[in-house]
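Take a look at the structure below.
Sequence lines set the chain letters: A, B, ... in the order given, protein chains first and strands last, and positions in each chain run from 1.
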Number of protein chains: 2
Amino acid sequence: MNKHVNLTSSIEEVSRDTGIGKDTLRVWERRYGFPQPRRGKKGERLYPKEQLDRLRSISRLLDQGCRPGSIVSMSPEQLDILAEQLKTVKDHRDNPKVDEMVGALGEGRTQEVLQSLRVMLKQQGPQLFTYDIAAPLLEQIGHAWANGQLSIYMEHLITNHLGNMLNEATNEFSHIEDDLKILLTTLPGERHGMGLLMVELLLRAEGVETINLGVETPVDQLVEACIGLNPQVLALSFSAIHKRASVIAVLRELSDKIPVSVILLAGGEGISKLRSIPERIRVVKKLDTLGIEVRSIRQQLNKT
Amino acid sequence: MNKHVNLTSSIEEVSRDTGIGKDTLRVWERRYGFPQPRRGKKGERLYPKEQLDRLRSISRLLDQGCRPGSIVSMSPEQLDILAEQLKTVKDHRDNPKVDEMVGALGEGRTQEVLQSLRVMLKQQGPQLFTYDIAAPLLEQIGHAWANGQLSIYMEHLITNHLGNMLNEATNEFSHIEDDLKILLTTLPGERHGMGLLMVELLLRAEGVETINLGVETPVDQLVEACIGLNPQVLALSFSAIHKRASVIAVLRELSDKIPVSVILLAGGEGISKLRSIPERIRVVKKLDTLGIEVRSIRQQLNKT
DNA sequence: TAGTTTATTTTGTCTAGGACAAATAGATAT
DNA sequence: ATATCTATTTGTCCTAGACAAAATAAACTA
């Protein structure tokens, strides 16, 4: 009765699950010989699970700066070795508490971790919690997943929960009557909203009024929002970005279209690697300099 | 100096902002003569803003059940008329409070609305708030946007804020020691997480332990999650869906792969229109029957 | 040695037009 | 009204070629 359980994924599913474009998948096949999916009777590509997993590893390595030409045709084992090497290079100042949590997650003690996160937020306060716990935890989980220590769904789970916690903490800062109003969002293509939530929390802790539009606001909508809500600052968050080209293009576009009275602020992992950013845009390279930036903006605005 | 401000969008941007696939955009052009983008020097399509807006209207009408063949070649005016007609057909039991809020949003009294939402949640409690305020408000905002009464970014803003509120309300139900654990998520392709948040709140109010994985969990990950977290129930949320075909296919796949001990629950606007749903899957057609369903599941589990 | 410019390779995204099966609508019969 | 069959509609996939932007390597300059 069990007529061939579907062990393969279509190109659309693979594209969505890995974040690699459909065209890219096809052209890799042509150029590097991987992936090499089976074919359905229509000739459609059917990707077995092993290839899907391997593509996920590749996608992650690309985010870390590897180049397709050198890794796409690597065997899974080679990919693992490479991931391990990159990990040891990066990890310097890691928080023992974070390591402990990752370990606990690997052993299935999920609820325990979620619980202790709440405690830490209370104990350490929003700023320290964000810098020392939330941000490094997310990074570590990424690594742990690449090494096979953790299932990917754990990343989803933790991300979601952490998001809730940050939200809640944000809302605890009641609306202080303040002159500074900051609009928050990400540009189309940037689906990660965690950075946004962390920034929002930090800003609120500084007494700023924040409006969060969520992720992927189309440019024309963003212009409308700036006119309709008229914030003094528009803050954009970038995580690891696949296509640096278009990001700069969009930043230019914004710089042209957004009212000149609005200060443009960009931050996140992804932005610090870019060069030739339009002058008008202020870049915040690390989370813990956000407070300084805000004070600087306040000064600038008070002068006028 | 202002060298031709970019008033056009690439096919990728249009696809992302409208939710219409790239291939679909191209084939519409061929078949229906719309959109008819300008071309760059490479021959790439460049969509002017008017066409982008028109595509957004079309996309929305499709979600409401219209067919491409009959609406894609319509003029913007005709589209507006059609949207208006559909609106009057649907709106029966609308809440006056909701109408009032939509009006206020149109006049730019954003903060006021956000404030009053908080008050209503406190006053009415989670259940009533979800049924009578949150759900209809989101629907109404969709309509108001289609009629040009509201900017789209307002929808983002409200969605985001409402999400925060629901989260917060959810977290207020402290972890009751309960035998029932429910895993929540959406399938790949379904990016709307609001339904999920509403369901989570309602479930918590019933004393259920919930785990929310967020949106778009890949199928293989979902299987892993069911094994790793072993919930008694897996609940999936569907909004208006573009491709009903694949949804049923994925449901079948799940039905095959998820351990038989797990009860599958599906709900949301999108699911009620479908027929030929696998037997194993329980369908919750309306939010306010969720409580009943939960009690029924509890009974079933207690028998065993 | 270190920084800047130029050439070369790599890489993602686009295009065209054809194909096909799943979904829907319309017609017919129970 | 409900079910069955046929015709049309519709989204997604295919191939194979093209091209510009990004990244790298090479050459040159201070």
Side-chain angles (χ1 to χ4, degrees), chain A residues 8-16 18-32 34 37-47 55 58-59 61-73 189 241-250 252 270 273-276, chain B residues 8-16 18-32 34-35 37-47 58-59 61-63 65-73 188-189 241-252 270 273-277:
Chain A
T8 59
S9 317
S10 70
I11 193 169
E12 165 126 33
E13 291 167 326
V14 172
S15 176
R16 205 158 33 203
T18 62
I20 302 164
K22 285 189 263 200
D23 283 310
T24 306
L25 286 168
R26 285 191 273 253
V27 90
W28 280 3
E29 190 179 331
R30 212 193 303 165
R31 287 185 186 148
Y32 314 120
F34 183 84
R38 292 170 42 207
R39 296 300 181 118
K41 61 178 172 184
K42 272 185 286 177
E44 348 82 84
R45 277 158 247 256
L46 299 175
Y47 297 83
L55 284 167
I58 290 169
S59 174
L61 286 170
L62 289 183
D63 284 344
Q64 298 184 23
C66 294
R67 303 208 59 188
S70 54
I71 61 168
V72 171
S73 45
I241 310 152
H242 309 279
K243 31 183 178 169
R244 311 181 177 189
S246 59
V247 172
I248 293 185
V250 183
R252 285 246 164 67
K273 293 173 196 162
L274 295 177
R275 38 186 175 284
S276 76
Chain B
T8 58
S9 318
S10 71
I11 193 168
E12 166 127 31
E13 291 168 323
V14 172
S15 177
R16 201 156 39 202
T18 61
I20 302 164
K22 285 191 261 199
D23 281 311
T24 307
L25 285 169
R26 284 192 272 255
V27 91
W28 280 3
E29 190 179 330
R30 211 194 302 164
R31 286 183 188 148
Y32 314 120
F34 183 86
R38 290 170 43 207
R39 296 301 181 120
K41 61 178 171 186
K42 275 186 285 177
E44 350 81 82
R45 278 158 247 255
L46 299 174
Y47 297 82
I58 289 170
S59 172
L61 287 170
L62 289 183
D63 284 344
C66 294
R67 303 210 61 188
S70 54
I71 62 168
V72 171
S73 45
I241 311 150
H242 310 280
K243 31 182 177 172
R244 311 181 176 188
S246 58
V247 172
I248 293 183
V250 183
L251 285 178
R252 285 245 165 67
K273 292 173 196 163
L274 296 176
R275 37 186 174 283
S276 76
I277 293 171

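Shortest non-hydrogen contact noted between B/Arg39 and B/Leu46 is C-CD1, 4.0 Å. Smallest separation of non-hydrogen atoms from A/Ile71 and A/Cys66: CD1-CB, 3.8 Å. Taking all atoms of both residues into account, the shortest heavy-atom contact from B/Pro37 to B/Arg45 is CG-CG, 3.2 Å. Nearest heavy-atom pair across B/Ile20 and B/Ser59 is CD1-CB, 4.2 Å. Considering every non-hydrogen atom in both A/Val14 and A/Leu55, the closest pair reads CG1-CD1, 3.7 Å. Heavy atoms only, all atoms of each residue included: B/Tyr32 and B/Gly69 are closest at CE2-CA, 3.8 Å.
Near DNA chain D, defined here as any heavy-atom distance below 4.0 Å, the residues from residues 21-28 of chain B are B/Asp23, B/Thr24, B/Val27, B/Trp28, listed numerically.
Residue-to-nucleotide proximity on DNA chain C shows that, of B/Leu46 and A/Arg67, the 5′-proximal contact is made by A/Arg67. Along DNA chain D, the nucleotide nearest B/Arg30 and the nucleotide nearest B/Lys41 are compared for position; the residue whose nucleotide lies closer to the 5' end is B/Arg30.
Atom CZ of B/Arg39 and atom P of D/dA18 are 17 Å apart (whole Å). At whole-Å resolution of the value, OH in B/Tyr32 and C1' in D/dT10 are 6 Å apart. As rounded to whole Å, 15 Å separates atom C1' of D/dA23 from atom CD1 of A/Ile71. Following rounding to the nearest Å, A/Arg38 (CZ) and D/dC14 (C1') show an atom-to-atom distance of 18 Å. Taking atom CD on B/Glu29 and atom C1' on C/dC14, their separation rounds to 13 Å, with Å as the unit. Protein atom OH of A/Tyr47 is 11 Å distant from nucleotide atom C1' of D/dC13, rounded to whole Å. As a whole-Å value, the separation of A/Asp63 CG from C/dG12 P is 12 Å. A/Ile11 places its CD1 atom 13 Å from the P atom of C/dT13, with the value rounded to the nearest Å.
The phosphate of C/dC14 (OP1 or OP2) has no side-chain N or O of B/Arg45 nearer than 4.0 angstrom.
Side-chain proximity of B/Glu44 to C/dA21, C/dT11, C/dT15: nearest is C/dT15.
Note that CZ of B/Phe34 and CG of B/Leu25 are 9.5 Å apart. Values are rounded to the nearest 0.5 Å. Note that NZ of A/Lys22 is 11.0 Å distant from CD of A/Glu13, once rounded to the nearest 0.5 Å.
At least one donor-acceptor pair under 3.5 Å links the side chain of A/Glu44 to the backbone N or O of A/Lys42.
Within the helix from C/dT1-D/dA30 to C/dT30-D/dA1, the inter-axis angle between the opening and closing five-pair segments is 40°, rounded to 10°.
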